Amino acid sequence: MSKPSVLFVCVHNAGRSQMAAGFMRELSQGRVEVLSAGSAPKDSINPVAVEAMAEVGIDIANNTPKILTTEAVQASDAVVTMGCGDACPYYPGKRYEDWVLDDPAGQGIESVRVIRDDIKARVEKLLAELLA
């Protein structure tokens, strides 16, 4: 059986989707192919998201925001969107989830920790379902 693949998408690919991808990489221990992208990617990762992830031992500091491509969607078994709305392409036969999460952009570390912990819980649930 091939590895399931997950694509995490938010608008800027600088916070939520990067944290989700970081957790999925760490928690799946290589059992899941992980991609992340944004419909309008920023130049760099949100430094507060980097700090929040570092607190739980996950380094996303060297990640780079990437533009969302149809190829990335087509290559993924599951597509998790986080507030990118109509910018996310839809393909039949893919599993789609839309996670309603606050945007960490411009927020302090306390707020970002709450978002991070919410993302971790959702990633753990998704991982359990993908590997079931």
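Here the structure is a predicted model, which means the values were calculated and not measured.
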request  = Could you list the residues that satisfy side-chain hydrogen bond (donor to acceptor under 3.5 Å, both in side chains) with Asp103, not counting sequence neighbours?
outcome  = none
key: Gap separating the SG atom of Cys10 from the CE atom of Met19, nearest 0.5 angstrom   = 8.5 Å
remark   = Closest non-hydrogen contact found for Ser39 with Ile67 is O-CD1, 3.6 Å
message = If you compare all heavy atoms of Ser5 against all heavy atoms of Val32, which two are closest, and at what distance to 0.1 Å?
response = CA-CG1, 4.4 Å
Show me the donor-acceptor pairs within less than 3.5 Å that the side chains of residues 43-58 make with the rest of the protein, sequence neighbours left out.
from: Asn46; atom 1: OD1; to: Val48; atom 2: N; distance (Å): 2.7
from: Asn46; atom 1: OD1; to: Ala49; atom 2: N; distance (Å): 3.4
from: Asn46; atom 1: ND2; to: Pro104; atom 2: O; distance (Å): 3.4
from: Glu55; atom 1: OE1; to: Arg113; atom 2: NE; distance (Å): 2.8
from: Glu55; atom 1: OE1; to: Arg116; atom 2: NH1; distance (Å): 3.0
from: Glu55; atom 1: OE2; to: Arg113; atom 2: NE; distance (Å): 3.3
from: Glu55; atom 1: OE2; to: Arg113; atom 2: NH2; distance (Å): 2.7

remark   = ring pair (Phe, Tyr, Trp, His ring centres under 6.0 Å) pairs touching residues 98-132, sequence neighbours excluded, are Phe8-Trp99
request  = Determine whether Leu131 and Pro4 make a side-chain contact, defined as any pair of heavy atoms from C-beta on separated by less than 4.5 Å.
outcome  = yes
inquiry  = Let me confirm one number: the CZ-CD distance from Arg25 to Glu33, rounded to the nearest 0.5 Å.
reply    = 9.0 Å
ask   = What residues form a side-chain hydrogen bond (donor to acceptor under 3.5 Å, both in side chains) with Asp117, not counting sequence neighbours?
value = none
message = Tell me every residue that passes side-chain hydrogen bond (donor to acceptor under 3.5 Å, both in side chains) with Gln107, counting only those two or more places apart in sequence or in another chain.
response = Ser111
query = Among Val123, Leu127, Val6, which one satisfies side chain to side chain contact (heavy atoms under 4.5 Å, CB included) with Ser28?
reply = Leu127
query = If you look at every heavy atom in Asp98 and Met82, which pair is closest and at what distance?
reply = OD1-N, 3.9 Å
inquiry  = Using only atom types and a distance under 3.5 Å, with no angle test, would you say the side chain of Thr69 pairs donor to acceptor with the backbone of Ala72?
reply    = yes
ask   = Rounded to the nearest 0.5 Å, what separation is found between the NZ atom of Lys3 and the CG atom of Leu130?
value = 12.5 Å
ask   = Got Val114 and Val112 here, is their nearest side-chain heavy-atom distance under 4.5 Å?
value = no
query = With Lys125, which residues qualify under side chain to side chain contact (heavy atoms under 4.5 Å, CB included), at least two apart?
reply = Glu129
ask   = Does the side chain of Leu101 reach to within under 4.5 Å of the side chain of Arg122, using non-hydrogen atoms?
value = yes
query = Just by distance, do the side chain of Lys66 and the backbone of Gly38 share a donor-acceptor pair under 3.5 Å?
reply = no
query = In terms of side-chain geometry, is the basic nitrogen of Glu97 or Arg95 positioned less than 4.0 Å from the acidic oxygen of its partner?
reply = yes
key: Value rounded to 0.5 Å, distance of CD in Gln29 from CG in Leu27   = 8.0 Å
ask   = Do Ser36 and Asn13 have side-chain heavy atoms sitting under 4.5 Å apart?
value = yes
remark   = Closest non-hydrogen contact found for Pro65 with His12 is CB-O, 3.7 Å
inquiry  = Does Phe23 form a side-chain contact (heavy atoms from CB on, under 4.5 Å) with Leu126? I'd like the steps, not just the answer.
reply    = CA-CA 11 Å; Phe23 276 125; Leu126 176 61; over 6 Å; no
ask   = If we only count heavy atoms from C-beta on, is the Leu7 to Val34 side-chain gap below 4.5 Å?
value = no
